[in-house]
Amino acid sequence: MGNGLTYKEEFIKFMVNGGILRFGEFTLKSGRLSPYFINTGNYKSGSQISKLGEFYAECIMDNNIKGDAIFGPAYKGIPLAIATGIILNNKFGVDMNYCFDRKEVKDHGEGGMIIGYQFGENDTLVFVDDVITSGKALRESMEKIKGICNANVKDMVISVDRMEIGKGGKKSAVQEVEEEFGIKVHSVVTMDDIIKAIEDGVVEGKEHLDAMKKYRETYGV
Ligand SMILES: O=P(O)(O)OC[C@H]1O[C@H](OP(=O)(O)OP(=O)(O)O)[C@H](O)[C@@H]1O
Ligand SMILES: O=C(O)c1cc(=O)[nH]c(=O)[nH]1
């Protein structure tokens with residue numbers, strides 16, 4: 001990207017600079033105590049969300065991902081879907097539909113569960129979300145989609161694959177959901193990329209390396 005950093009290194013630096021990727025002690029949805037955390041709820045400016053959209057749109061283009069609509073699960077998937085759609089159109093000339101769900105059922109006005117493109121069972125959705133740890137959030141989203149109609153989901157783009165063990169205890173959560181739903185998960189970076197970026201001095205945090213590696217040994221695949 002013109003500054004000597006690779007695409008992955010640039011993304012990790014972007015997350016650290018924005019206070020999205022932090023090191024310390026964090027309790028996860030799965031109950032695991034993690035030495036790092038990705039909080040995409042910390043993106044808050046137009047320049048940040050547009051740059052984030054670039055990383056997602058580039059991932060879609062680089063992997064030749066095709067679909068009828070981008071789907072971003074509420075809440076944090078919503079700006080991701082919109083930012084990705086804008087960049088796909090403005091930078092790559094690909095005008096893809098987008099949609100997202102409501103968390104609460106709305107029973108007045110236009111009602112309905114989906115905002116944006118109203119997909120049907122012949123449509124293919126491209127999921128966008130922030131991270132996968134145990135795969136719980138993705139399973140919940142799939143249940144919701146299938147409750148609406150039998151749309152296809154073939155690809156999912158996330159910021160970070162935490163490379164953690166899935167509920168079966170053998171494969172990673174990403175491998176499990178890929179097999180269970182036939183979804184190919186594309187991550188901009190993985191936990192290993194983050195460890196390498198610290199080791200290579202791309203971002204600060206060498207004091208967290210031991211904890212990162214220990215966590216990787218305990219919960220990683
Ligand atoms: O793979 P998993 O174990 O499900 O963990 C990852 C999910 O956890 C977080 O969602 P969460 O519901 O905690 O956050 P949010 O309500 O702030 O989006 C995160 O945004 C991922 O969607
Ligand atoms: O597993 C989680 O709950 C989780 C991990 C992470 O890095 N970021 C996040 O928002 N949730």
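Residue numbers run from 1 in the order of the sequence given. All values derive from a computational prediction rather than experimental measurement. Remember, it's 1-based here, ligands and their atoms both numbered in the order they're listed.
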J.: About how many Å separate CD of Glu54 and CD1 of Ile86, when rounded to the nearest 0.5 Å?
T.: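 That separation rounds to 12.0 Å.
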J.: Kindly state each residue pair satisfying salt bridge (charged side-chain N to carboxylate O under 4.0 Å, His left out) with at least one member in residues 32-47, sequence neighbours excluded.
T.: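 Those involving residues 32-47 are Arg32-Glu164.
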J.: Heavy-atom cut-off of under 4.0 Å around ligand 1: list whichever protein residues fall inside it, by chain and number.
T.: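 Only Lys29, Lys76, Lys103, Asp129, Asp130, Val131, Ile132, Thr133, Ser134, Gly135, Lys136, Ala137 have heavy atoms that fall under 4.0 Å of ligand 1, ordered by chain and number.
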J.: Filter the ligand 2-protein atom pairs down to N or O on both sides and distance under 3.5 Å, then list them.
T.:
residue	atom	partner	partner atom	Å
ligand 2	1 (O)	Thr133	OG1	2.6
ligand 2	3 (O)	Lys29	N	2.9
ligand 2	7 (O)	Ile38	N	3.0
ligand 2	7 (O)	Arg162	NH1	2.8
ligand 2	8 (N)	Ile38	O	2.7
ligand 2	10 (O)	Ile38	O	3.2

J.: Are Tyr43 and Phe14 close enough that their ring centers fall under 6.0 Å?
T.: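 Ring-ring flag for Tyr43/Phe14: true, centres closer than 6.0 Å.
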J.: Distance alone, cut at 3.5 Å: any donor-acceptor contact between the side chains of Thr190 and Arg162?
T.: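 No pair is found: no donor N or O on one side chain lies under 3.5 Å from an acceptor on the other.
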J.: Apply side-chain hydrogen bond (donor to acceptor under 3.5 Å, both in side chains) to Glu199 and list each qualifying residue two or more places apart in sequence or on a separate chain.
T.: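 Scan of Glu199 (side-chain hydrogen bond (donor to acceptor under 3.5 Å, both in side chains), adjacent residues dropped) gives Lys213.
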J.: Please examine the side chains of Ile158 and His186, heavy atoms only from C-beta on, and report whether any two atoms are closer than 4.5 Å.
T.: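 They are not in contact (no side-chain heavy atoms under 4.5 Å apart), so the answer is no.
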J.: Over 60° means perpendicular and under 30° means parallel, so classify the ring planes of Tyr215 and Tyr36, tilted if in between.
T.: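 If you compare the ring of Tyr36 with that of Tyr215, the planes turn out perpendicular.
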J.: Parallel, tilted or perpendicular, judged at 30° and 60°: which one describes the rings of His208 and Phe23?
T.: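 Aromatic pair His208/Phe23 classed parallel.
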J.: In sequence, state the C-alpha distance, the side-chain angles, and the governing distance for Tyr98 and Phe71, and then conclude on ring-ring contact (aromatic ring centres under 6.0 Å, His included).
T.: CA-CA 6 Å; Tyr98 71 83; Phe71 175 82; over 10 Å; no
